[in-house]
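The structure appears below as structure tokens.
Below, read A as the first sequence line, B as the second, and so on, with proteins coming before strands; counting in each chain starts at 1.
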Amino acid sequence: MQQAQARRWDSWIDRLPRRVRRVIAVISLTGLPGMYAWSAFWLTTSVPKIIWGPVTFLLIGATLAGSLILYRFVRDRADTRANLDERQRQLRDRAMVLCYQVLSTLLILAVVGVGIPTLFLGRVVTLDATVVGAIALSATVLIPLLPAAALAWIEPDPPPEV
Amino acid sequence: MGRPTQRAEPVLHNRLAVLRTERGLSRQDLADALGVNYQTIGYLERGEYNPSLDLALRAAEYFGLPVEAIFSRRPFTPMSEQLYAGPGRSETAAH
């Protein structure tokens with residue numbers, strides 16, 4: 001009974017259309033940073049704590065649930081040691097290239113974002129423990145998720161069963 | 001290694017679906033025979049993935065046909081048309 005239910009879930013996840021997978025990937029990757037941004041915003045406003053809590057849990061839950069779906073969809077296909085056929089290997093390689101492009105873009109944006117105010121505007125950019133903690137936790141959770149998200153992003157819709 | 005079909009790339013036409021159906025094979029059967037995932041067979045049949053030379057040759061070997069009988073850069077003429085149309089129709093049909 002439980003196995004049949006698990007198979008139904010697997011089948012549902014395996015057949016997710018690409019559009020839905022892309023939405024899940026975006027939600028998963030933005031949920032956690034969104035939670036930190038929301039908390040930082042909340043500190044500057046008079047929004048009651050009763051609203052802060054549910055929104056925070058919703059954003060964390062989005063990353064958590066999205067990650068589980070993405071990992072389940074991709075399984076071991078993002079793993080470099082997995083036994084894949086030529087099409088799957090090629091998709092995985094394209095996903096890795098996409099990850100590299102996304103990470104290098106983020107890194108360049110971060111360097112420019114810190115560099116311009118420091119070098120040209122003479123401002124001092126300070127990173128306190130909260131910001132470093134947020135960056136560290138987001139990187140720890142999201143960087144390992146990136147290959148699965150990239151693969152879910154580029155994998156075409158599965159052919160209909162005939 | 002093969003390449004997933006991009007819009008800018010030419011589509012490689014194939015007769016995999018016809019040959020598979022003709023032999024009463026499921027996608028899984030053909031995938032097992034060729035050593036690929038069953039979804040890869042679906043992508044190949046839909047022309048959404050161009051196989052590597054190795055995979056094309058394995059398919060040709062499996063079906064016992066020349067590779068150009070299975071894969072072509074130009075659309076295939078339907079087999080029924082090849083068999084029953086044209087000047088040699090009556091002779092072909094008689095056999």
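- Hydrophobic clustering (side-chain heavy atoms under 4.5 Å, transitive across Ile, Leu, Val, Met, Phe, Trp, Tyr) keeps A/F57 apart from A/W52.
- The environment of CD in B/Q28 is crowded: more than 12 heavy-atom neighbours from other residues, nucleotides or ligands sit within 6.0 Å.
- Neither A/L32 nor A/L58 shares a network with the other; the hydrophobic side chains, linked directly or stepwise wherever heavy atoms of I, L, V, M, F, W or Y lie under 4.5 Å apart, form separate groups for each.
- Taking CG from B/N37 and CZ from A/R87, the interatomic distance works out to 6.0 Å, rounded to the nearest 0.5 Å.
- Both A/V55 and A/I50 belong to a common hydrophobic cluster when Ile, Leu, Val, Met, Phe, Trp and Tyr are linked at side-chain heavy-atom distances under 4.5 angstrom.
- Using a 4.5 Å heavy-atom cut-off against chain B, the contacting residues of residues 141-157 of chain A are A/E155, A/P156, A/D157.
- When the heavy atoms of residues 64-76 of chain B are compared with those of chain A, none of the residues falls under 4.5 Å.
- Atom OH of residue B/Y49 and atom CD of residue A/E86 lie 3.5 Å apart, to the nearest 0.5 angstrom.
- For A/D128, the CG atom is densely surrounded, since the number of other residues' heavy atoms within 6.0 Å is greater than 12.
- Heavy-atom neighbours of A/R123 CZ from other residues, nucleotides or ligands within 6.0 Å: at or below the threshold of 12.
- Hydrophobic clustering (side-chain heavy atoms under 4.5 Å, transitive across Ile, Leu, Val, Met, Phe, Trp, Tyr) groups A/F41 together with A/M35.
- Linking Ile, Leu, Val, Met, Phe, Trp and Tyr whenever their side-chain heavy atoms come within less than 4.5 Å puts A/V20 and A/L70 in one cluster.
- Smallest separation of non-hydrogen atoms from A/D85 and B/T40: OD2-OG1, 2.6 Å.
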